[in-house]
Number of protein chains: 2
Amino acid sequence: MDRYRIRPGETLRLAERSTDDDGGLTKDEGKERLKANTERARDLQEQLYAEGQQALLFVFQAMDAGGKDSTTEHVFGPLNPQGVNVASFKTPTELEQRHDFLWRVHAQAPPHGLIKVFNRSHYEDVLIVRVHGWAAPDVIERRYDHIRHFESLLADARTRVVKVMLHISKDYQLERFRRRLERPDKHWKFNPGDLDERKLWDDYRRAFEVAIERTTTEAAPWYVVPAETRWYRNLVVSQILVDTLEAMDPQYPEPTFDPADYPPGSIA
Amino acid sequence: MDRYRIRPGETLRLAERSTDDDGGLTKDEGKERLKANTERARDLQEQLYAEGQQALLFVFQAMDAGGKDSTTEHVFGPLNPQGVNVASFKTPTELEQRHDFLWRVHAQAPPHGLIKVFNRSHYEDVLIVRVHGWAAPDVIERRYDHIRHFESLLADARTRVVKVMLHISKDYQLERFRRRLERPDKHWKFNPGDLDERKLWDDYRRAFEVAIERTTTEAAPWYVVPAETRWYRNLVVSQILVDTLEAMDPQYPEPTFDPADYPPGSIA
């Protein structure tokens with residue numbers, strides 16, 4: 001999935017990157033591959049859990065209606081829930097606001113053996129906060145540094161960090177908002193305030209570009225994934241998951257006993 | 001207390017720094033000044049608590065028997081416990097070991113309005129860990145950077161960080177160990193393993209020198225405090241506390257009401 005990875009030093013122009021792609025596959029082919037990836041991810045996850053020496057942190061960010069919830073469900077839902085958990089970051093609580101912006105995020109860093117999914121993250125503090133001017137420019141500026149340092153701390157502790165922006169167009173967002181309004185079972189996902197944020201589309205896009213450029217590193221890369229064709233979006237994210245786990249190469253630990261000491265029939 | 005502060009770029013030779021000082025004061029004068037400092041610190045602490053916009057983190061490190069517990073009790077004990085709390089860092093738990101070394105420390109960072117005292121800290125991860133070679137040299141090397149970055153994150157979030165090494169001699173430590181063995185009510189503080197650490201005195205001293213040189217900054221300075229004359233040690237630490245709080249200059253918040261609306265007798 002290298003073609004969606006943003007390299008350190010690269011200039012990112014989101015307007016020039018596709019939001020809708022199918023990789024030249026049919027939907028059936030895509031679903032078949034997702035299934036294969038899921039099986040592979042399940043095996044690798046078990047090895048990660050058994051090994052207990054590394055962790056994986058998967059960060060999702062997107063414009064509203066970009067598909068963070070759905071991708072999380074489709075890609076991570078089929079894994080063993082004992083080894084995966086999701087943290088959703090909402091408006092900071094009063095106690096969280098009385099700390100540095102990484103305090104609540106660091107607390108949710110996964111222990112070795114686990115996969116953690118962040119649905120939104122510390123990046124909100126350089127996205128929505130930047131767009132609304134809730135912090136001074138020099139404060140935001142230093143936050144990029146703090147984020148890089150924080151993620152390198154995790155990397156040094158054998159926690160692999162992967163960051164995914166689910167990339168959609170303004171038209172696609174409108175279509176999804178309409179669907180939320182039409183379907184009573186989706187009303188809970190609609191917030192009239194989202195329409196105000198939608199008016200700031202260009203500011204958000206610019207904030208994403210800067211945040212991604214400033215924080216994509218070899219150890220903690222950003223991927224910009226075209227997210228409008230949902231089966232393809234899920235396939236790409238599952239491929240990033242599998243590729244990352246394979247690069248981490250978790251191993252079952254050596255047994256602390258000799259299996260030969262327990263021949264068939266020896267346990268009763 | 002500038003004379004005990006270690007400046008960025010300074011070379012630290014602990015062997016050349018006094019472990020026993022009285023600042024030219026008598027014990028009575030010293031106790032009188034401690035009392036005055038304590039009163040001042042109580043006022044400033046209340047303002048810090050009422051303001052709720054800044055926090056203070058006070059880190060103590062020392063050789064065994066250096067007086068961390070006693071200093072904490074004498075200097076911070078008289079403050080309002082609602083606004084002060086102490087975190088003692090022991091051997092990391094199994095869950096803590098499955099995270100980066102700053103995970104458990106960051107979780108204990110004080111919220112705005114509070115004073116936090118660390119009895120031992122993240123510095124153990126570049127002191128005992130270095131002395132025993134429990135981590136590779138390049139890992140320790142990067143930890144100094146991680147510590148500087150972490151403390152600058154706190155500083156940017158208006159959490160002042162002050163670090164104090166209570167400085168004693170090897171002879172003084174022996175005297176304190178003997179006292180712990182002679183007094184049944186001090187037996188709980190004696191650990192035969194401390195004698196093994198004592199054999200590594202010079203290695204510890206070097207580890208302290210490097211750690212302090214690498215992590216003393218304008219925003220988060222180290223102080224090396226002569227700690228054998230205990231009333232003077234307490235006085236110096238209380239002076240650092242008062243000076244730091246005065247520099248933070250916490251203010252009672254403006255009332256959200258007009259006191260004139262509530263003349264005497266108006267509340268019944």
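Residue numbers begin at 1 in each chain, while the letters A, B, ... track the order of the sequences.
- Shortest non-hydrogen contact noted between A/His99 and B/Ala157 is C-CB, 4.5 Å.
- Rounding to the nearest 0.5 angstrom, the gap separating the CG atom in B/Leu102 from the CZ atom in A/Phe150 is 10.0 Å.
- Using modelled atom types, one finds no donor on one side chain facing an acceptor on the other under 3.5 Å when comparing B/Asp145 with A/His149.
- Of the inter-residue distances, the one linking B/Ile147 atom CD1 with A/Leu153 atom CG reads 10.0 Å to the nearest 0.5 angstrom.
- Smallest separation of non-hydrogen atoms from B/His106 and A/Asp100: NE2-OD1, 2.9 Å.
- Most heavy-atom pairs under 4.5 Å with chain A: of the set B/Pro110, B/Pro111, B/Ala109, this distinction falls to B/Pro111.
- Most heavy-atom pairs under 4.5 Å with chain B: of the set A/Gln97, A/Gln53, A/Arg98, this distinction falls to A/Arg98.
- No more than 12 heavy atoms of other residues, nucleotides or ligands sit less than 6.0 Å from atom CD of B/Glu46.
- Summarising the geometry of A/Arg142 relative to B/Asp156, their closest heavy-atom pair is NE-OD2, 2.7 Å, with the distance given to 0.1 Å.
- Residue contact with chain A, scored on non-hydrogen atoms closer than 4.5 Å, involves the side chain of B/Phe101 exclusively.
- Heavy-atom contacts from other residues, nucleotides or ligands closer than 6.0 Å to OH of A/Tyr252 number more than 12.
- Of the atoms belonging to A/Leu114, not a single heavy atom falls under 4.5 Å from chain B.
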